[in-house]
Student: 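The structure under discussion is supplied below as C-alpha cells; questions concerning it will follow.
No experiment lies behind these values; they were computed from the predicted model shown. Protein chains get the first letters and strands the later ones, always in sequence-line order, with residue 1 at the start of each.
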Number of protein chains: 2
Amino acid sequence: MKLVNVSAMTHKTRSAIQVLDRAVWLLEAMAAADRPLSLKVLAADSALHPSTAYRILSALQCHDLVSRDEEAHYRLGPSWQRLGRQVHSQVDIRAVAKPIMNVLRDQTGETVNLTAREGDQVVYIERAIPNRMMRVEQVIGSRAPLHVTAVGKLMLAESGAEGCRAYARRSGLPRYTSNTLTTQKGLWAEVQRCAAQGYARDDEEAELGVCCIGVLIRDAGGEAVAGLSVSAPRERLRAEWAALLQEAGRRLSQQIGYAG
Amino acid sequence: MKLVNVSAMTHKTRSAIQVLDRAVWLLEAMAAADRPLSLKVLAADSALHPSTAYRILSALQCHDLVSRDEEAHYRLGPSWQRLGRQVHSQVDIRAVAKPIMNVLRDQTGETVNLTAREGDQVVYIERAIPNRMMRVEQVIGSRAPLHVTAVGKLMLAESGAEGCRAYARRSGLPRYTSNTLTTQKGLWAEVQRCAAQGYARDDEEAELGVCCIGVLIRDAGGEAVAGLSVSAPRERLRAEWAALLQEAGRRLSQQIGYAG
DNA sequence: AGAATTGATTTCATATAATGAAACTTGTTA
DNA sequence: TAACAAGTTTCATTATATGAAATCAATTCT
C-alpha cells in the first residue's frame, strides 16, 4: 500500500484516524459544491482512489449522511438536518466566541466581554483581557442592569416598545452616573437609534470614565442570544471599533448558525 | 482483538466501514442527549472501549464535528451547523417523499402526487400509483393552473391577497367544470378558508368526477416548496384522509428541515 | 495529609479492517 | 458492434484501528 503524497493535501485537516479524515474530505467536497457530484469528481476532489471513495460514500449513505439520486450523484443527506437541529441548542457560545474575542482584544488593546441577558440584567459570561496597567474588568458572573450597558440597550430593542416600557416600569431606571438615561421616553429613543445603526455605545452611563461599544449575537432562529462588547477608559475608546465589532459579531453569529 | 458481541448492537445501523459506524454511534448518542456527555457515558452508550471512543472523538473534534467543554464533556460541534445549512438547498424532496407517498397510497388506495409551483401552475414532480383498475393518474412533468387544484389553492394563499388578485388577473380564472371558481372574490375566500384549515379540497373543480385533498410542504425557511395530495374518483374520496395527509405533510416538511 | 478511587489520556504489540489494483458490470459513445 | 467510460465488486496485502494496560490528573475518602 502506497501512502498518498502528503504534501499534496497539506491543506486538509488530519487527525489520528485516516478513514474519518477521508470521510470528512468527501463531505466537505460535497458541501463546497452547490450541486450533486459524481463519484469520479468527488474522488478526484478529495484525492482518493475511486474505490475507496465509493466504499466510504456507501457507508455514509447507510447513515443518511449522504444521499444519492438516480444518476448516482452524491449530495449531503438528511441526517445533517436532523443532527444540525440538535446542535442549535447545544453550541457553546463561549467556546466559539473565545478566539474571536481574543482577536478583538488584540486589535483594540482593550477588554472584550461576552454577555447574555438574564431577566432584567446582562450577565458577563466570558471575557478577553488585555495585558495593560489600566483596563476595564468585569468578573465573569457579575451583572448589570440593561439600561446602562451598550448590549443591554440592544437587548431592550429586541423586546420592542412594550417590553422596553415594562422594563422601565419594573426597574425604575435607576441613575448610575450623570449620563444614565432615566426617562422611559429618552431610553426608548436611544434604544431605537442603537438598533437602527447595528451597534450601541455606552458613554459613561454605568460608571464615569468607562465607555463601551456593543453588538448583538444571533442564533439560527434569529434570536439575540448574547452580546459582544469592548470596554475602555473614555479617552482610549475609538469610534472606529464599532465596525470591527459589527464584523466580529456577524462572524460569531454565523458560527452559531445565524443565516442572515 | 475480540469483536464486540454483535447481538448486543443489532439496533444500530452497520455499514462496510467499522470506524465510520462507530463514529456515527457516538454522534447519535450525543444527539440523543440534550446535554454534553462525558467520555465514559458516551463510550458505554455506544458499546465502545473508552480508548476507542476517545480516539474517535478526538478525530471528530479535529473536524469540528464535536466540541468539548472544559470539563471534557462532549457535544455536537459547529460543523453540523455549517454543513446543515448547505444541505437545505440540496435535499431532494422527491427522494425523501417517495416512501411517505407510498405509505399514503397504501393507506388510501388512491393516487398520491407531489407537486411544485412553477409560475402560475403546479407541476407534478413525483407520484405513487395504486394497483387498481380505475385510478386518477397524472403524468410527471404535466401541469395544471393554480385555481383548479387543491395544492394550487394553498400556494395562492401563500402569495397573499395581492398575489392572488394578480394571479386572477393574469390567468382570467378559466372555467374547467361547473365547480371551478371563476371569480377573484370567490377564489380568495376559498383560498383563505383552505389555508386556515391546513389543507385544501378540490371538488371536481378541474375535472368532473375527480376530487383531491392536498397539503403544503415547507422547507427549513418556512417556505412552501411543494404540495402533497391524494386524488380519487368522487365516490371514493374520504374526508378522513385530510388528517392522514396533514400528518404525512408534517413529517415530510420536518425531514427537509422545517422546524415548526 | 495521604491513600484510594475514578476518569481521561497515552503507549504499544497485534490482527483486524481498510486499502488500491484489477476484474467485472452497465450504460453510453463513436 | 466495438470501444469506452463510469460505477461496483473482489481480493490479497499490510497499513491502520484496536483494546489492554500503563500513566496522568483530579476527587473523594479515611
Student: Please walk me through it: do B:Thr111 and B:Val230 pass side-chain contact (heavy atoms from CB on, under 4.5 Å)?
Tutor: CA-CA 6 Å; B:Thr111 299; B:Val230 184; over 6 Å; no
Student: Mind calculating the distance between CG (A:Asp21) and P (D:dT16) to the nearest angstrom?
Tutor: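 A:Asp21 atom CG is separated from D:dT16 atom P by 11 Å.
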Student: Closer than 4.0 angstrom, basic N to acidic O: yes or no for B:Glu110 and B:Arg132?
Tutor: yes
Student: What is the distance from NE2 of B:His49 to P of C:dA17, rounded to the nearest Å?
Tutor: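 To the nearest whole Å, that distance equals 15 Å.
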Student: Do B:Val136 and B:Glu207 touch side chain to side chain, with heavy atoms closer than 4.5 Å?
Tutor: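 A side-chain contact is absent here, since even the closest heavy-atom pair is not under 4.5 Å.
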Student: Send over the distance from A:Leu48 CG to C:dT19 C1', rounded to a whole Å.
Tutor: 11 Å
Student: Can you tell if the side chain of B:Leu37 reaches within under 4.5 Å of the side chain of B:Tyr74, non-hydrogen atoms only?
Tutor: no
Student: Starting at atom CD1 of B:Ile56, determine the distance to atom P of C:dA18, rounded to an integer number of angstrom.
Tutor: 10 Å
Student: Does A:Arg22 place a side-chain N or O at less than 4.0 Å from the phosphate oxygens OP1/OP2 of C:dA18?
Tutor: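 Checking C:dA18 against A:Arg22, no side-chain N or O comes under 4.0 Å of OP1 or OP2.
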Student: Below 4.0 angstrom from OP1 or OP2 of D:dA17, is there any side-chain N or O of B:Gln18?
Tutor: no
Student: Between atom CD1 in B:Ile17 and atom P in C:dT16, what is the gap in whole Å?
Tutor: 18 Å
Student: Looking at A:Arg127 and A:Gln138, would you say the former's side chain and the latter's main chain have a donor-acceptor pair under 3.5 Å?
Tutor: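 Answer holds: yes.
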Student: Which pairs, protein N/O on one side and nucleotides 6-11 of chain C N/O on the other, fall under 3.5 Å?
Tutor:
| residue | atom | partner | partner atom | Å |
| --- | --- | --- | --- | --- |
| C:dG7 | OP1 | B:Lys40 | NZ | 3.1 |
| C:dG7 | OP2 | B:Lys40 | NZ | 3.0 |
| C:dA8 | OP1 | B:Leu39 | N | 3.1 |
| C:dA8 | OP2 | B:Lys40 | N | 3.2 |
| C:dT9 | OP1 | B:Arg68 | NH1 | 2.9 |
| C:dT9 | OP1 | B:Arg68 | NH2 | 3.2 |
| C:dT10 | OP2 | B:Tyr54 | OH | 2.9 |

Student: Starting at CG of B:Leu57 and ending at P of D:dT18, how long is that distance when rounded to a whole Å?
Tutor: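 It is 12 Å, rounded to the nearest whole Å.
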Student: Could you check A:Thr149 against A:Asp202 for side chain to side chain donor-acceptor pair (under 3.5 Å), going step by step and ending with a plain yes or no?
Tutor: CA-CA 6 Å; A:Thr149 63; A:Asp202 151 19; over 6 Å; no
